[in-house]
Each structure stands twice: as structure tokens, then as C-alpha cells.
Amino acid sequence: MNKSKRYNNFATKAIHIGQEPEQVTGAVTVPLFQTSTYAQIEIGKHTGFEYARTQNPTRFAWEENIAALENGFAAYAFGSGLAAEDAVMKLLSAGDHVVCAEDMYGGTFRLFEKIFTRFGLSFSYVDMTNLEEVQKALRPNTKMVYSESPTNPMMRLTDLEAVAKIAHAHNALFVVDNTFATPYFQQPITLGADIVLHSATKYLGGHSDLISGVVITSKEEIASKLQFIQNAAGAVPGAFDCWLLLRSVKTLALRMQQHERNALGIASAIENHKNIHGIHYPGLASHPQHELAKRQMSGFGGIISIELGSYKNAQTFVNKLDVFILAESLGGVESLICHPVSMTHGSIPKEQREKLGITEGLVRLSCGIEDTEDLINDVLNALDY
Ligand SMILES: *Cc1c(COP(=O)(O)O)cnc(C)c1O
């Protein structure tokens, strides 16, 4: 971060921060420190590295890099996106209340409801596109406002600047799950977020070959608490996954550009197709929050959800796809398609799902970085039924 003067822009930072040539040999990639412990010089004297849950140079390099990309003060890496969320919730204490978006990632909802309610936290789920609802849900014991933007899979946006103000006026922390946008397209800390988190499994990893998570904070005081939790609760990632993330982040800018080019190409090509009953992509002028997207994001990302009208249509469509692979997850170089009701969002109660529009006919496309023309043709061909 001390190099911020020379490394002004995103791709340069992504390639260089935390990734200086190694001091002994000049290796241009950060070495993989695959070790659990470090030799000490004598009793009471060590190198600053004692045990790898607490300190690992490969992990530190990744944390320094992603902290800079999110304009944060510091970052802490975890073994998965959910482990990152788990660590963030441990900033709270029994009796605290959290206001959350009603359409978060299903696993987040499950973590909050099935685990943290047993430890005395309580949660209210609101439509975060409605600022009045956020305001009304605040209680005297509300200590955190938790949002995801854009959301999975309905691609709804939170007005991050406005919600940050509401949270701060109440002395509550504002947390943003920035997995879908990535820091390349959206930097919530610059809009007022105290904490940003990621499932690094998705775009940050970008190659569908690892599970990881990371938390970035803008505040020194929160950083020291997160560091304590990371070490005390211990959900750290392995060094090799950090090494892969350092490799991945070097192409984040290029990948995000192509993910978006492909999503925009597909969305425009199918928006008015007779078999499309609805399309959710913030890059389309028809998206109800297109103006907000243009204001708070520098791009619209690579995820599109489409409504096909019935389970049978969704099945026909998925079966006809050739390039898109049916799989959970998103954000990899290869295009994936998912049926949220039967896959990622099974843990959301049916009533809640239907209220949000997560129907049996909804599919979510994670547009990869293949050639745009091949993807458009694949989707158009599958819609021809
Ligand atoms: C996948 C995902 C998570 C969970 O991350 P894991 O790495 O699978 O634990 C959290 N939030 C969002 C938005 C996700 O897409």
C-alpha cells in the first residue's frame, strides 16, 4: 500500500501490490510458503513468523493486495466466503440485532438463521431497495446492516451510499457482500461501507478451482478485531489457495471486462425473445435500477437471470445448452448455468423464494470469458423450443 503513488490504477495495483519481486532471488511471483511453523532464533527471539495460522507470507501478500483493490485499511482471508461471513458476525455479541437484505445468498440466510440465532443474535430481513424499510427495521440494539449488491439471483441493487448513511446515523456497521460486482466494478468502501466481504471462490478466484473468502475493512479498530477473530477462531485459508488467488487477481481486470462484454451481448440479444418472460441484468436500460447501477458501479458484471415461465421450459433450455455447463457457483472463466430453486436457493423457504421472484422457471447465467458470439449462439439455440 506504500506504493499507492506509483500504482494508481486498478490493473496495475492488482498485478503489483503485495506482489513485489521476492528479496532473496528476485522471483517475480510470490513464493508459496507451504509451512505450518517457523524456526525460532533462540528462546524469546523469532523472525516475526511463529505459526502459520497466525502468520503466512503468501496469505499476507494476498491480503495486502485485495485490501488495496477494495480501498480498505486491511484485509483478512478465510477458508470460504461463509467462513468470512462467520468471522464478521463474530464482531457482534449476544443480544445484538442485524438488518439484512431479504434476498441474500441462500447460504448466508442459513448461517444467520440456523447458527447465529442460537447464539443470541437476531435478524430482520428487508427489501433493501426500499430505504424506508431499512430505516423502519432499525432497533435500539441494531449493530449491523448487512447487504449484498447486486443480489443473487435477482440482481437487485442496494443504494450503498444511502444505506451507509442510515446505518451510520444509528451507529451500526455497514457490511456489503461484493462478490458479484468485485472491486473492479464496485468499491463499497468508497461509498461508505465499513466492511466488504467476498466469496473469493467466485470472480476473485475466477477459475472454478478453489474455495475461499476474504473480509476487507476501512477502519483500523475493526481490523484489529477481525485479525483477532481470524487467529482465535482459525478459519484461515491454506497457503496454496492464497497463492492461486494472487495468480488469479492479476487477470481480474481483463476477465471482468470480458465477463461483462459477454453478459451485455447475451442480454441484448435475448431481451425481446418470445420465450423470455423476464430478464434481470442491471446493464439493461429496462432494469428498474439501471440508473443506480450506472451511478455506483463502473460496470454491470457477468450474471444474468432469466425467467422462462415454467420448470419444463427451464429444463428444455438447460438441456439444449451446449457451451454453458449446468453447475452451482459462478464467476469462473467457463460459462455456467444454474437453476436456483433446485440448486443454490434450496435453503430459502418456498414462500420467501416466490415473493422474491425465484420461481421454478428462473435460471441464472454466469457468463464466462469465452467468445461472445459462441455464447450468444448457444443461448439463442437453446431458446428455440
Ligand atoms: C457463493 C457465495 C457466498 C458463499 O461463499 P463460499 O465461498 O461458497 O463459502 C456468499 N455470498 C455470495 C454472494 C455468494 O455468491
Side-chain angles (χ1 to χ4, degrees), residues 62 66 70 75-90 98 100-116 123 125 128 146-158 160 175-186 188 193 195-216 230 233 235-238 241-242 244-245 248-249 256 259 263 280 282 297 300-305 327-332 336-340 343-348 356 358 362-368:
W62 161 236
I66 190 68
E70 284 285 9
Y76 299 94
F78 294 89
S80 70
L82 278 167
E85 295 179 25
D86 178 84
V88 167
M89 300 320 286
K90 285 172 178 154
V98 184
C100 325
E102 64 183 353
D103 51 344
M104 301 179 300
Y105 174 71
T108 305
F109 177 78
R110 181 177 58 197
L111 173 71
F112 291 179
E113 281 305 299
K114 303 283 185 201
I115 296 182
F116 280 108
F123 300 88
Y125 302 90
M128 281 237 178
Y146 190 104
S147 84
E148 199 182 299
S149 187
T151 58
N152 181 8
M154 298 309 289
M155 304 306 290
R156 300 202 306 179
L157 270 54
T158 299
L160 299 176
V175 180
V176 179
D177 182 332
N178 201 30
T179 300
F180 269 41
T182 82
Y184 185 69
F185 286 135
Q186 171 171 281
I195 295 171
V196 170
L197 63 86
H198 285 271
S199 168
T201 310
K202 314 293 167 55
Y203 287 109
L204 299 182
H207 297 70
S208 305
D209 54 8
L210 59 85
I211 298 285
S212 204
V214 68
V215 181
I216 303 98
Q230 183 196 43
V236 292
D241 284 346
C242 296
L244 284 172
L245 283 160
S248 296
V249 80
M256 293 316 292
H259 284 300
H280 311 282
M297 303 173 78
F300 310 107
I303 310 287
I304 309 169
S305 289
E328 295 204 13
S329 200
L330 57 99
L336 300 179
I337 180 146
C338 149
H339 183 244
M343 296 164 74
T344 49
H345 285 63
S347 52
I348 308 268
L356 296 173
I358 307 174
L362 188 83
V363 295
R364 184 193 73 197
L365 306 173
S366 170
C367 306

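Order of listing sets the numbers, starting from 1, for every ligand and every atom in it.
Considering each of Asp86, Asp177, Leu197, Asn152, the one bringing a non-hydrogen atom nearest atom 11 (N) of ligand 1 is Asp177.
At a threshold of 4.5 Å between non-hydrogen side-chain atoms, the residues Glu148 and Asp103 do not count as touching. Side chains of Asp177 and Ser199 form no contact here, defined as non-hydrogen atoms less than 4.5 Å apart.
In terms of protein heavy-atom proximity, atom 4 (C) of ligand 1 is nearest to Tyr105 CE2, 3.4 Å.
Relative orientation of the Phe112 and Phe123 rings is parallel, given thresholds of 30° and 60° on the angle between their planes.
For Thr344, the side-chain contact (heavy atoms from CB on, under 4.5 Å) partners are Glu328, Cys338, Pro340, Arg364, not counting sequence neighbours. His198 is linked by a side chain to side chain donor-acceptor pair (under 3.5 Å) to Glu70, counting only residues two or more places apart in sequence or in another chain.
Here the closest heavy-atom approach between residue Pro150 and residue Leu157 is recorded as CB-CD1, 3.8 Å.
Only the side chain of Thr201 comes within 4.0 Å of ligand 1, judged by heavy-atom distances. Residue contacts with ligand 1 for Ala83 are absent, since no atom lies close enough (heavy atoms, distance under 4.0 Å). Within the 4.0 Å heavy-atom criterion, the part of Lys202 lying near ligand 1 is the side chain and not the backbone.
Here is the list of ligand 1 atoms found below 4.0 Å of a heavy atom in Gly81: 5 (O), 6 (P), 7 (O), 9 (O). Every atom of ligand 1 is numbered from 1 in the order shown, and the set under 4.0 Å from a heavy atom of Ser212 is 7 (O). Taking every heavy atom of Glu148 and a limit of under 4.0 angstrom, the matching atoms of ligand 1 come to 13 (C). Taking every heavy atom of Ser80 and a limit of under 4.0 angstrom, the matching atoms of ligand 1 come to 7 (O), 9 (O). Within ligand 1, the atoms closer than 4.0 Å to a non-hydrogen atom of Leu82 are 5 (O), 6 (P), 9 (O), numbered from 1 in the order shown. Close approach of ligand 1 to Glu85 (heavy-atom distance below 4.0 Å) involves ligand atoms 10 (C), 11 (N).
Counting only N and O atoms by type, the side chains of Ser212 and Asp241 include no donor and acceptor under 3.5 Å apart.
For the pair Lys202 and Tyr105, the cation-pi criterion (under 6.0 Å, within 45° of the ring axis) is fulfilled.
In terms of polar-atom proximity, Thr108 is not counted as a contact of ligand 1, lacking any N or O under 3.5 Å from an N or O of the ligand.
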